[in-house]
Amino acid sequence: MKNVLIIGSTGQIGSELVVALREHLKEKGTVVAGYTKRRGVPAQIRETGPAELVDILDKDNIEEVVKRYQIDTIYNLAAVLSATAEANPVNAWRVGIDGLINVLEVARIYGCAVFTPSSIGAFGPDSPKNNTPQDCVMRPTSIYGVSKVTGELLSDYYFRRYGVDTRSVRFPGLISYATPPGGGTTDYAVDIFYSAVRNEPFACPIPENEKMDFMYMPDAIRAAIEIMETDPTKLIHRNSFNITAMSFSPAEIAEAIKKNVPGFKIHYEVDPLRKAIAESWPNKMDETCAEKEWGWKPKFTLDEMVKDMLKHVRAKEQQE
Ligand code: AKB
């Protein structure tokens with residue numbers, strides 16, 4: 001990995017991955033931040049390296065940037081998250097799949113490696129809920145999940161058929177203070193921190209005891225870098241590896257927050273759409289394939305993540 005293009009560099013994962021990869025590669029490479037007209041590009045990203053307009057639905061545009069910067073690795077982070085995707089399934093499919101095939105075609109022609117994150121959303125109600133295996137029945141019921149499974153299969157197809165070096169992970173709900181997520185089912189686990197530091201009660205859209213997998217962003221960023229740098233001969237799987245760091249329900253994260261913010265209060269205003277999606281996802285995935293094949297190991301536990309999030313969200317709120 002030397003010259004990297006990050007498509008979707010201003011989103012929840014992208015905005016932190018650009019910074020981490022620029023720091024990781026230093027003068028050994030270039031990290032081009034691909035951004036859209038709609039979102040623009042924050043000063044921090046523009047001032048620390050090249051930034052280019054990249055429309056995932058425009059293959060010629062992707063090709064031109066890849067050629068100009070001699071890109072060898074593409075992080076394809078353009079996605080419409082699960083709850084938002086239900087409002088416009090055709091758009092979610094276009095971004096997730098028409099966009100992905102553009103990226104894969106450019107990668108095939110120019111010999112790039114490609115990382116396209118999958119998600120716990122790739123599983124469905126027929127998948128085992130506990131210790132959900134790496135390889136099992138998927139059959140997701142959300143358009144987000146349908147496009148994630150299709151993306152996994154398409155990425156594996158390009159590897160088998162053309163040798164394109166595609167690799168990825170199934171991310172759990174990601175928790176970060178830097179850039180807010182938008183339209184996900186797991187977003188409550190970010191929003192809850194803003195209520196806690198403002199001393200406001202939190203109205204939770206997910207049922208009290210509904211468990212899902214989660215991960216703190218520093219672990220997620222490390223996973224995205226490590227998997228692309230791992231020795232490919234060790235990989236039995238490619239698209240995509242189960243990875244997780246913690247599994248909790250709204251009641252459990254609320255308890256962990258209460259240890260630090262004793263007066264914190266949560267109540268439940270369940271959103272039927274998010275409830276249905278959450279119920280179709282695993283309680284906890286089994287990540288032993290990622291451990292064995294590329295040494296994956298998360299660092300942050302629930303309590304460590306909660307402490308760190310509270311510290312940073314408090315600091316952010318005080319600045320505003
Ligand atoms: C979502 O909730 O849609 C995402 C995900 C788990 O992929 N955060």
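Remember, it's 1-based here, ligands and their atoms both numbered in the order they're listed. Small disclaimer: the values here were computed from a predicted structure and weren't measured.
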Practice prompt. Report the nearest protein non-hydrogen atom to atom 2 (O) of ligand 1: residue, atom name, distance rounded to 0.1 Å.
Written response: Thr185 N, 2.7 Å
Discussion item. What protein heavy atom lies closest to atom 3 (O) of ligand 1? Include the residue and the distance to one decimal.
Written reply: Ser82 OG, 2.6 Å
Practice prompt. Give yes if a backbone or side-chain nitrogen or oxygen of Thr186 is under 3.5 Å from a nitrogen or oxygen of ligand 1, and no if not.
Written response: yes
Discussion item. If I apply the N/O under 3.5 Å rule, does Trp281 come out as touching ligand 1?
Written reply: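 There is no such contact.
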Item to complete: State yes or no: are the ring centers of Phe248 and Phe214 separated by less than 6.0 Å?
Response: yes
Discussion item. So for atom NZ, which belongs to Lys129, do other residues, nucleotides or ligands contribute more than 12 heavy atoms lying within a distance under 6.0 Å?
Written reply: yes
Item to complete: Would you mind reporting whether Pro42 and Thr10 have side-chain heavy atoms less than 4.5 Å apart?
Response: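 A side-chain contact exists here, since the closest heavy-atom pair is under 4.5 Å.
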Discussion item. List ligand 1 atoms under 4.0 Å from Ser119, heavy atoms only on the residue side.
Written reply: 5 (C), 6 (C), 7 (O)
Response to the item:
Looking only at non-hydrogen atoms, the one of Ile120, Ile175, Leu81 nearest atom 6 (C) of ligand 1 is Ile120
Worksheet entry | Steps toward side-chain hydrogen bond (donor to acceptor under 3.5 Å, both in side chains) verdict (Arg170, Ser240) | CA-CA 6 Å; Arg170 293 181 184 133; Ser240 302; 5.1 Å; no
Practice prompt. Hey, can you tell me if Phe241 and Trp294 have their rings parallel, tilted or perpendicular (30° and 60° cut-offs)?
Written response: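 Answer is perpendicular, since the angle exceeds 60°.
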